[in-house]
**Q** 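Structure below; questions to follow.
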Amino acid sequence: ATLITAAQEFDIEAQKIQPKQPQTASELWQQAINRLNEIPKENPRFLEAQQLLASVQVKYRTIDNSGSNNYIEAAKQYAIEAASSSQNPPHPAEKWEQIAEQWNNAIQQLKNIDVKEAGYVEAQKLIAQYQTNLGTIQTRQRYESEAKQILEAANRDIKRLIVSAPSDTQQLKAEIHDIINQLRTIKPGTTSYPEAQQLLAQAQKKLR
């Protein structure tokens with residue numbers, strides 16, 4: 001009986017504070033549920049306890065599935081899509097940009113959760129994790145864009161040398177060295193890297 005009384009008191013208090021302190025209300029209802037679950041079937045007030053339990057669980061679920069939970073679920077959906085799209089790199093810069101946008105959308109969803117809401121702590125943990133992921137993707141995007149520009153410039157220089165190579169051997173070697181140095185700055189894990197490696201091998205042969 002004392003367990004039922006305690007649960008009733010938690011329930012009354014939770015209803016009072018729910019509008020302004022949903023997180024605390026959620027915790028109180030959880031306490032009420034815990035108390036009611038302790039009541040054995042042999043207890044003469046078992047049925048009464050079960051009715052109260054059903055009522056409290058509905059309230060608890062309602063608050064737990066309120067705004068914060070919906071935002072967390074939406075954020076996790078964006079995160080799943082972003083993680084899935086990131087698989088099997090390398091990707092073009094445009095795709096990295098789309099993936100970064102998905103991580104950003106996930107973060108924005110979580111930022112909607114107020115400090116007083118039940119999911120605030122979880123949201124903050126996820127924001128930290130997602131921001132790290134976003135940073136990684138933005139770095140990949142930057143490497144991809146830079147690699148493409150360097151490769152295009154190197155290809156232009158190679159074509160120019162093929163069309164009109166300097167007659168002076170030393171000057172020709174110096175220009176080939178410049179192209180080699182350009183190509184070496186292209187990061188592994190970019191779409192330009194395999195072609196850059198082929199061009200490097202060809203350029204180094206020319207110097208032998």
Side-chain angles (χ1 to χ4, degrees), residues 67-115 117 119-208:
S68 67
N69 230 29
N70 293 339
Y71 286 131
I72 287 170
E73 281 312 306
K76 284 180 178 173
Q77 252 344 95
Y78 280 121
I80 288 165
E81 284 170 33
S84 171
S85 303
S86 304
Q87 286 175 357
N88 307 316
H91 300 302
E94 299 75 26
K95 186 166 183 185
W96 287 125
E97 192 178 344
Q98 286 166 3
I99 296 166
E101 190 58 32
Q102 286 170 326
W103 283 119
N104 211 24
N105 286 339
I107 291 163
Q108 292 315 311
Q109 290 291 324
L110 296 166
K111 283 186 174 174
N112 287 317
I113 298 172
D114 189 74
V115 68
E117 289 185 71
Y120 181 76
V121 174
E122 186 188 352
Q124 291 307 299
K125 283 179 191 167
L126 288 173
I127 286 173
Q129 185 188 324
Y130 292 173
Q131 279 176 332
T132 302
N133 295 347
L134 174 61
T136 304
I137 298 303
Q138 285 170 333
T139 302
R140 297 294 292 264
Q141 184 188 344
R142 193 177 74 250
Y143 286 167
E144 187 60 41
S145 298
E146 287 169 359
K148 195 178 175 188
Q149 286 169 2
I150 294 163
L151 187 63
E152 284 170 359
N155 271 317
R156 281 196 301 272
D157 289 345
I158 290 164
K159 278 178 188 159
R160 184 175 47 75
L161 281 183
I162 292 166
V163 173
S164 57
S167 51
D168 179 61
T169 313
Q170 288 310 111
Q171 194 188 337
L172 176 63
K173 282 187 173 182
E175 292 197 27
I176 292 171
H177 263 301
D178 285 345
I179 292 167
I180 287 170
N181 289 337
Q182 267 182 287
L183 292 168
R184 277 185 177 149
T185 63
I186 291 176
K187 298 269 194 300
T190 58
T191 56
S192 304
Y193 186 73
E195 189 185 338
Q197 291 304 295
Q198 287 173 349
L199 293 176
L200 261 174
Q202 289 166 15
Q204 281 160 339
K205 269 185 197 169
K206 298 278 182 197
L207 291 178
R208 283 176 196 151

**Q** Output the distance between atom CD (Gln138) and atom CD (Gln131), rounded to the nearest 0.5 Å.
**A**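 If I round to the nearest 0.5 Å, the distance is 10.0 Å.
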**Q** With a 4.5 Å heavy-atom cut-off, do Asp178 and Asp157 have their side chains touching?
**A**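 Side chain of Asp178 against side chain of Asp157, heavy atoms only: no contact under 4.5 Å found.
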**Q** Give me the atom names and distance for the closest heavy-atom approach of Ala100 to Ile137.
**A**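 Where Ala100 meets Ile137 most closely, the heavy atoms are N-CG2, 3.7 Å.
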**Q** Would you compute the distance between atom CG of Leu207 and atom CD of Gln202 and round it to the nearest 0.5 angstrom?
**A**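 If we round to the nearest 0.5 Å, Leu207:CG and Gln202:CD are 12.5 Å apart.
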**Q** Side chains of Gln109 and Asn105: does their closest heavy-atom pair fall under 4.5 Å?
**A**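 When only atoms from C-beta onward are counted, Asn105 and Gln109 do not touch, as no gap falls below 4.5 Å.
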**Q** Report the distance from atom OG1 of Thr169 to atom CD1 of Ile176, rounding to the nearest 0.5 Å.
**A**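 It comes to 10.0 Å.
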**Q** Can you find a pair of side-chain heavy atoms, one from Ser84 and one from Glu81, that are under 4.5 Å apart?
**A**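 Side chain of Ser84 against side chain of Glu81, heavy atoms only: no contact under 4.5 Å found.
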**Q** Can you tell me how far CD1 of Ile150 sits from CG of Asn181, rounded to the nearest 0.5 angstrom?
**A**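 Atom-to-atom, Asn181:CG and Ile150:CD1 are 11.5 Å apart.
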**Q** Do you know the tightest heavy-atom contact between Trp103 and Ala79?
**A**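 Minimum heavy-atom contact is CZ3-CB, 3.5 Å.
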**Q** Please examine the side chains of Pro166 and Leu161, heavy atoms only from C-beta on, and report whether any two atoms are closer than 4.5 Å.
**A**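 Contact flag for Leu161/Pro166 side chains = yes.
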**Q** What's the shortest heavy-atom distance between Ile113 and Gly119, and which atoms?
**A**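 In terms of heavy atoms, the two residues are closest at CG2-C, 4.0 Å.
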**Q** Residues two or more places apart in sequence or in another chain: which of them pass salt bridge (charged side-chain N to carboxylate O under 4.0 Å, His left out) with Glu146?
**A**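 Applying salt bridge (charged side-chain N to carboxylate O under 4.0 Å, His left out) to Glu146 gives Arg142.
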**Q** Passes side-chain contact (heavy atoms from CB on, under 4.5 Å), Ser85 versus Gln98? Steps please.
**A** CA-CA 9 Å; Ser85 303; Gln98 286 166 3; over 6 Å; no
**Q** Distance from Gln129 atom CD to Gln124 atom CD, nearest 0.5 Å?
**A**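 If I round to the nearest 0.5 Å, the distance is 13.0 Å.
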**Q** Whether the side chain of Glu144 engages the backbone of Thr191 through a donor-acceptor N/O pair (distance < 3.5 Å, no angle test) should be reported.
**A**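 Yes; judged by distance alone, with no hydrogens or angles, the pair exists.
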**Q** So, Asn155 versus Glu195: side-chain donor-acceptor pair below 3.5 Å or not?
**A**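 There is such a pair (donor and acceptor under 3.5 Å, judged by atom type) between the side chains of Asn155 and Glu195.
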**Q** Measuring only between side-chain heavy atoms, which start at C-beta, is Ile179 closer than 4.5 Å to Leu200?
**A**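 With C-beta onward as the side chain, the pair stays apart.
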**Q** Hey, are Glu122 and Lys76 close enough for a salt bridge, meaning a charged N less than 4.0 Å from a carboxylate O?
**A**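 Yes, charged N to carboxylate O under 4.0 Å.
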**Q** Looking at Tyr71 and Leu110, what are the two nearest heavy atoms and their distance?
**A**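 So the minimum-distance heavy-atom pair works out to O-CD2, 4.5 Å.
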**Q** Identify the heavy atoms of Ile99 and Ala82 that sit nearest to each other, and give their distance.
**A**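 Of all heavy-atom pairs spanning Ile99 and Ala82, the closest is CG2-O, 3.7 Å.
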**Q** Show the nearest heavy-atom pair for residues Ala196 and Ile186, with the distance to one decimal.
**A**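 The answer is CB-CD1, 3.7 Å.
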**Q** What's the spacing between Arg140 CZ and Ser145 OG if we round to 0.5 Å?
**A**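 Taking CZ in Arg140 and OG in Ser145, the distance rounds to 12.5 Å.
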**Q** Give the ring-plane orientation class for His91 versus Trp96, where under 30° counts as parallel, over 60° as perpendicular and anything between as tilted.
**A**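 Ring orientation, 0 to 90° scale: perpendicular.
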